[in-house]
Colleague: 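Below are the structure tokens for one structure; questions will follow.
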Amino acid sequence: MELSDNEELDSAGPGTRIVGAGRRKEWTGAVVNPPVWRASTHLYENTAALAEGPRRNEDGRFFYGRRGAPTQWALSEALTRLEPGAAGTVLYPSGVAAIASAMLTVLRPGDVVLITDNAYDPSRAMGKGLLADMGIEPRFFDPLDLAGYEALFCERTRAVLLEAPGSLSMEMCDLPALARIAREKGAVSLLDNTWASPLGFQALERGIDITLMALTKHVGGHSDLMMGSASAGPRFHAKLRQRAQQLGIVVSPDDAALALRGLRTLHVRLRQETESALAIAQWLSRRGEVARVLCPMLPGAPGHALWKRDFTGGCGLFSFVFKGGDAAARDRFVDALELFGIGYSWGGFESLALPIEPANYRSRMAWPPEPVDAADCFGVRLSIGLEDPRDLIADIERALKAWAQG
Ligand SMILES: *Cc1c(COP(=O)(O)O)cnc(C)c1O
């Protein structure tokens, strides 16, 4: 009997797929995980094999270190097996590198790219910097306004960058509708699916052309590696792979092995973090110090119906805004937390808190969101980890006292 990757895996549940995906016998040998293959030079048997090397450009064929080795292939294949509709997955040295490389795959000078107004800030900066410098025009849109979005398309619109829920502010949009409109207009849709991962949103099956992840977050899961991925069907996968090779993009086998280790527990961590985040979000929503919890997983919250309709899971990341107060009070709250680290990033096993100022990173959408009072604009983003939610709530309760006592 073999636990390794096989066709039957595709019909199994997500946990079973996560355990088996990418574990081909030819890559693992007699052990459970593929060893770390540190390789630049692949040695060939003879000159005939050498000549064959460059002819077949595909994972699983040795050529040269830049095209990867079994450790990277195993990770790439595992991610592909978790993404229904994917023909393959390209790995990048960070999430931002995945977004940039995918943009450079589908865009040409003279094109227009539509970017969701609540995108991860480096994605916005990429539009206004790298892409604008190359003669590509970024236009930002409110993803909650489908008519306004549709009206922004023109002859030159080549691609749309989506992200849900929105970075920091967590708005949930109608992803299948946004993707369908893009397709009708002849534009390529890209989704930053870092929040949900393919376990929570099956992007390609819902009409997205290219789905991107910062593996740095949930897949790594232990706050000790940087990596990104792009998965797509056959047409876009071939283009992504070609562009990544032209840009010289490769990830280290050591990091790929770490990402594979993280991946094997992804479903269990996400399930627990979702459960804890929901309990904490619910608790926060009943507190007088809190004007609004920004969490589409929370029943009754804006976007909850869309999340329930389209998503099969969530994660531990959400935000909230205080009822009044000021930046100093908000920072007192964050500084008083003992179980939450203060830091960027998220998706690790440990909880984090981050003061947020979404007003600085948007040009179309209101902050705070309607119908929240304009005075209630000081927010915090929490990344809930694997600590006991009871302890996290006690910590937050203590920090709320610091918020109130100026
Ligand atoms: C962190 C993050 C990225 C970028 O990932 P890096 O690996 O840090 O470059 C992209 N998108 C989202 C939504 C993120 O949170």
Side-chain angles (χ1 to χ4, degrees), residues 75 79 89-104 115-127 129-131 140 143 160-173 175 189-201 203 208 210-231 244 247 249-252 255-256 258-259 262-263 266 270 273 277 294-296 311 314-319 341-348 350-358 361-362 379-385:
L75 173 60
L79 292 169
T89 299
V90 180
L91 302 173
Y92 302 86
S94 71
V96 164
I99 299 167
S101 191
M103 291 286 212
L104 295 178
I115 300 177
T116 185
D117 199 40
N118 52 5
Y120 181 60
D121 180 48
S123 299
R124 289 182 64 89
M126 193 185 298
L130 173 74
L131 299 181
F140 296 94
V160 174
L161 178 65
L162 303 166
E163 184 178 333
S167 223
L168 308 177
S169 46
M170 310 302 293
E171 300 89 354
M172 180 52 71
C173 57
L175 286 173
S189 58
L190 302 97
L191 171 70
D192 183 335
N193 197 28
T194 302
W195 186 86
S197 90
L199 298 184
F201 183 71
I208 302 288
I210 298 173
T211 178
L212 306 158
M213 266 196 294
L215 304 181
T216 308
K217 311 292 166 56
H218 293 316
V219 171
H222 297 73
S223 306
D224 53 7
L225 77 100
M226 304 289 299
M227 206 181 290
S229 68
S231 303
L247 288 167
I249 281 171
V250 64
V251 304
S252 107
D255 287 346
L258 275 181
L263 182 71
L266 177 67
L270 285 184
E273 287 166 14
L294 307 171
C295 175
F311 284 61
C315 70
L317 191 78
F318 69 94
S319 301
I342 303 171
Y344 298 106
S345 199
W346 48 279
E350 83 294 3
S351 291
L352 290 176
L354 180 76
I356 57 169
E357 307 275 357
Y361 307 114
R362 53 186 56 209
V380 172
R381 186 182 75 181
L382 299 177
S383 174
I384 303 301

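These numbers come from a predicted model, not from an experiment. Counting convention: from 1, in listed order, for ligands and their atoms alike.
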Colleague: Let me confirm one number: the CG-OG distance from L79 to S229, rounded to the nearest 0.5 Å.
Modeller: 5.5 Å

Colleague: Could you measure the distance from the CG atom of L190 to the CG atom of L162? Nearest 0.5 Å is fine.
Modeller: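 Nearest 0.5 Å value for the CG-CG distance: 8.0 Å.
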
Colleague: With sequence neighbours left out, which residue pairs that include part of residues 214-223 fulfil the side chain to side chain donor-acceptor pair (under 3.5 Å) condition?
Modeller: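 The answer is S223-E350.
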
Colleague: Are there any protein N or O atoms under 3.5 Å from the N or O atoms of ligand 1? List them with distances, or say none.
Modeller:
unit_1: ligand 1; atom_1: 7 (O); unit_2: G95; atom_2: N; d: 2.8
unit_1: ligand 1; atom_1: 7 (O); unit_2: T216; atom_2: OG1; d: 2.5
unit_1: ligand 1; atom_1: 9 (O); unit_2: G95; atom_2: N; d: 3.1
unit_1: ligand 1; atom_1: 9 (O); unit_2: V96; atom_2: N; d: 2.9
unit_1: ligand 1; atom_1: 11 (N); unit_2: D192; atom_2: OD2; d: 2.6
unit_1: ligand 1; atom_1: 15 (O); unit_2: K217; atom_2: NZ; d: 2.6
unit_1: ligand 1; atom_1: 15 (O); unit_2: W346; atom_2: NE1; d: 2.9

Colleague: Quick one: list whatever passes side-chain contact (heavy atoms from CB on, under 4.5 Å) with A196, sequence neighbours left out.
Modeller: N193, F201, F311

Colleague: To the nearest 0.5 Å, what is the distance between CG (D121) and CG (L168)?
Modeller: 8.0 Å

Colleague: Return the set of residues passing salt bridge (Lys or Arg N to Asp or Glu O under 4.0 Å) with E171 (not counting sequence neighbours), or none when no residue passes.
Modeller: R362

